[in-house]
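These numbers come from a predicted model, not from an experiment.
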Amino acid sequence: MALMKVKFDLKKRVKLAQMLWLMYWFSIMAGVLVFSMGLFFKIELRKRSELMDNNESHFVPNILIGVGLLACCLNACGGKICYDSLGSTKFVKWKSILKPFLICCLFFNFLLIVTAVMCFATRIPLEFTLAEGLKNGMKYYKDTDTPGRCYMKRTLDLMQMEFRCCGNNNYKDWFEIQWVSNRYLDFSSKEVKDRISSNVDGKYLMDGVPFSCCNPSSPRPCIQQQITNNSAHYSYDHYTEELNIWKRGCRDALVSYYGGMMNIIGILVLIVTLLQIAVMIGLQYVNTSLSMLANPEDPESESEGWILEKTVKETFTDIMAKMKAMGKGNQVDEGANEETVATVS
């Protein structure tokens, strides 16, 4: 028994084909949107690639770009089929390739679902990538005279100001690294000597942060040096005082930014998937209704259309039986080849 059988006359078939043609054009625009979002995400990753670990991959945006292009091609072809199906004579040329086309559409829908899942799951590897990348980037903040690293100070400062964040996990990360170049340190100063000698690695560490960590909305002038020294500032207690620097870590800020972007793209891909499933089912109805015309020479005759010729269970059983038959056929061919080799020997 056919699954979801529907009776069609000429008027219903024409309306279905017209509606599908329009839906395919919407699907093409949706494919362009997926392509654009993938390209935008790739550009955003490129803009801050130096703040990410070297293992950072552009696999997801590349998949989105590929899926968007494939959606445009498949939907353009589907739209042409629907347009030609308005007349049964034009539909004949598509009849032989329609079944393989529908199978391609089925696999494409599966690819869309996998892509959507990957969009939602991107947040996890991105967090590890940013954690390592930001940690290394902060170490190179002071290397303004080193070729290949001279841009890092500007990149980190712009990022902290744009995302209103400070450090990797929080502002205290700056206390653990030397972010001031030796070029700007007065080694004749007792304070500098004491700080360097007190550190095992001979680094100049201090409880301060770069200017880009300052919150411009704070009414008090920015306290970015000696943050933990209460006596260095008037009417100040760093335990209770509302610090006028950003408390949020940049890793959390960037993960939220990219993660939110990928969640939106993932929802978009799911919507496109539903649209693709709808047009695929509609095209199957067009295919079966035109193939099963009561009188093929009379385009106005009634016909029946369905999604599957048999029930889901029966269809699955048939597919498994065909796969087993193909496997047995391959085994027989291999056995025959071995016997032939043995005979020749």
Determine, using the 4.5 Å side-chain heavy-atom cutoff (strictly less than), whether Ile28 and Leu69 are members of one ILVMFWY cluster. no
Is there side-chain contact between Asn170 and Lys247, with at least one heavy-atom pair below 4.5 Å? no
Any non-hydrogen side-chain atom of Thr115 less than 4.5 Å from a side-chain atom of Leu111? yes
Strictly below 4.0 Å, N to O, side chains only: are Glu132 and Arg251 in salt-bridge contact? no
Leu156 side chain reached by Ser212 side chain, heavy atoms, under 4.5 Å: no
Heavy-atom pair with the smallest gap, counting every atom of Thr273 and Asn109: CG2-O, 4.0 Å
Go through it in stages, so that I can follow the logic: the residues are Phe163 and Trp246, the test is ring-ring contact (aromatic ring centres under 6.0 Å, His included), and I'd like the CA-CA distance, side-chain angles, deciding distance and then a yes or no. CA-CA 10 Å; Phe163 290 94; Trp246 304 119; over 10 Å; no
Would Tyr141 and Asp157 count as a side chain to side chain donor-acceptor pair (under 3.5 Å) if you check the C-alpha gap in whole Å, the side-chain angles of each, and the deciding distance to 0.1 Å? CA-CA 9 Å; Tyr141 182 89; Asp157 283 333; 2.9 Å; yes
Salt-bridge test for Arg123 and Glu127: reply yes if a basic N is under 4.0 Å from a carboxylate O, no otherwise. no
Establish whether Met261 and Phe59 are linked, either directly or via other cluster members, by ILVMFWY side-chain heavy-atom contacts under 4.5 Å. yes
CA sep, side-chain torsions, deciding dist, call: Ser181, Asp143, side chain to side chain contact (heavy atoms under 4.5 Å, CB included): CA-CA 7 Å; Ser181 175; Asp143 299 338; over 6 Å; no
Is there a continuous path of hydrophobic side-chain contacts, each under 4.5 Å between heavy atoms, that joins Val117 to Ile124? no
Check the pair Asn182 / Gln178 against side chain to side chain donor-acceptor pair (under 3.5 Å), numbers first and verdict last. CA-CA 9 Å; Asn182 289 339; Gln178 179 180 338; 2.7 Å; yes
Minimal heavy-atom distance between Cys82 and Leu283, with the atoms involved, is SG-CD1, 3.9 Å
Taking it one step at a time, do Lys190 and Asp194 satisfy side chain to side chain contact (heavy atoms under 4.5 Å, CB included)? CA-CA 6 Å; Lys190 183 178 182 301; Asp194 290 343; 2.8 Å; yes
Check the pair Lys172 / Glu176 against salt bridge (Lys or Arg N to Asp or Glu O under 4.0 Å), numbers first and verdict last. CA-CA 7 Å; Lys172 292 182 180 179; Glu176 300 171 3; over 6 Å; no
Is there a donor-acceptor pair closer than 3.5 Å between any side-chain N or O of His58 and the backbone N or O of Phe41? no
From Arg149 CZ over to Glu50 CD, what is the distance, rounded to the nearest 0.5 angstrom? 13.5 Å
State whether the side chain of Ser218 and the backbone N or O of Asn215 hold a donor-acceptor pair below 3.5 Å, judged by distance alone. no
Between Leu74 and Phe101, which heavy-atom pair has the shortest distance, and what is it? O-CZ, 3.4 Å
For Tyr24 and Met19, indicate whether the former's side chain and the latter's backbone hold a donor-acceptor pair under 3.5 Å. no
CE-CD1 distance between Met138 and Ile177, expressed to the nearest 0.5 angstrom: 4.0 Å
Whether Gln160 side chain and Gly167 backbone form a donor-acceptor pair below 3.5 Å: yes
Considering non-hydrogen atoms only, spot the tightest contact between Arg220 and Tyr236 and give its length. NH2-CB, 3.9 Å
Between Gly31 and Cys72, the two heavy atoms sitting closest are C-SG, 3.8 Å
I'd like to know whether Thr129 forms a side chain to side chain contact (heavy atoms under 4.5 Å, CB included) with Met52, so could you lay out the CA-CA distance, the side-chain angles of the two residues, the decisive distance to 0.1 Å, and finally the verdict. CA-CA 6 Å; Thr129 295; Met52 299 181 183; 3.6 Å; yes
Between Asn62 and Lys42, does a side chain to side chain donor-acceptor pair (under 3.5 Å) hold up when you go through it step by step? CA-CA 8 Å; Asn62 288 339; Lys42 189 177 181 71; 2.9 Å; yes
Is the count of non-hydrogen atoms from other residues, nucleotides or ligands lying under 6.0 Å from Phe128 atom CZ greater than 12? no
With a sphere of 6.0 Å drawn around CZ of Phe187, does it hold more than 12 non-hydrogen atoms of other residues, nucleotides or ligands? yes
Verdict with supporting geometry, Arg248 and Ser256, side chain to side chain donor-acceptor pair (under 3.5 Å): CA-CA 12 Å; Arg248 189 183 190 186; Ser256 296; 3.0 Å; yes
ILVMFWY network linking Tyr285 to Leu274, side-chain heavy atoms under 4.5 angstrom: no
Any non-hydrogen side-chain atom of Met118 less than 4.5 Å from a side-chain atom of Val60? yes
Decide yes or no on disulfide (SG to SG under 2.5 Å) for Cys250 and Cys165, but give the supporting numbers first. CA-CA 5 Å; Cys250 290; Cys165 59; 2.1 Å; yes
Can you measure from NZ (Lys153) to CG (Leu158) and round to the nearest 0.5 angstrom? 9.5 Å
Measuring from atom CD1 of Ile265 to atom CG of Leu270, what distance do you get when rounded to the nearest 0.5 angstrom? 12.5 Å
Does any part of the side chain of Lys203, heavy atoms only, come nearer than 4.5 Å to the side chain of Arg195, both counted from C-beta? no
Side chains of Ser198 and Leu205 in contact at under 4.5 Å (non-hydrogen atoms): no
Between Trp174 and Asn168, is there a donor-acceptor pair closer than 3.5 Å when you use the side chain of the first and the backbone of the second? no
Minimum side-chain heavy-atom gap Val209-Phe175 below 4.5 Å: yes
Just checking Lys135: does its NZ atom have more than 12 heavy atoms from other residues, nucleotides or ligands closer to it than 6.0 angstrom? no
Are Phe110 and Leu70 in one and the same hydrophobic cluster, where Ile, Leu, Val, Met, Phe, Trp and Tyr link if side-chain heavy atoms are under 4.5 Å apart? yes
Stepwise salt bridge (Lys or Arg N to Asp or Glu O under 4.0 Å) test for Arg48 and Glu44: CA-CA 7 Å; Arg48 299 176 183 89; Glu44 285 296 301; 3.2 Å; yes
Any sub-3.5 Å donor-acceptor pair from Asn244's side-chain atoms to Pro221's backbone N or O? yes
Side-chain heavy-atom pair Phe35, Val67 within 4.5 angstrom cut-off: no
Just wondering, are more than 12 heavy atoms of other shown residues or ligands nearer than 6.0 Å to OH in Tyr257? yes
Quick one: pull up CD in Glu191 and CD1 in Ile196 and give me the separation to the nearest 0.5 Å. 10.5 Å
Contact summary for Met152 and Leu51, nearest pair of heavy atoms: SD-CD2, 3.8 Å
Begin with the C-alpha distance, continue with both residues' side-chain angles, and end with the deciding distance and a verdict on side chain to side chain contact (heavy atoms under 4.5 Å, CB included) for Tyr258 and Thr122. CA-CA 9 Å; Tyr258 286 122; Thr122 300; over 6 Å; no
Could you grab the distance from atom CE of Met23 to atom CD of Gln276, nearest 0.5 Å is fine? 9.0 Å
Around Phe26, counting heavy atoms of other residues, nucleotides and ligands shown, do more than 12 lie under 6.0 Å from its CZ? no
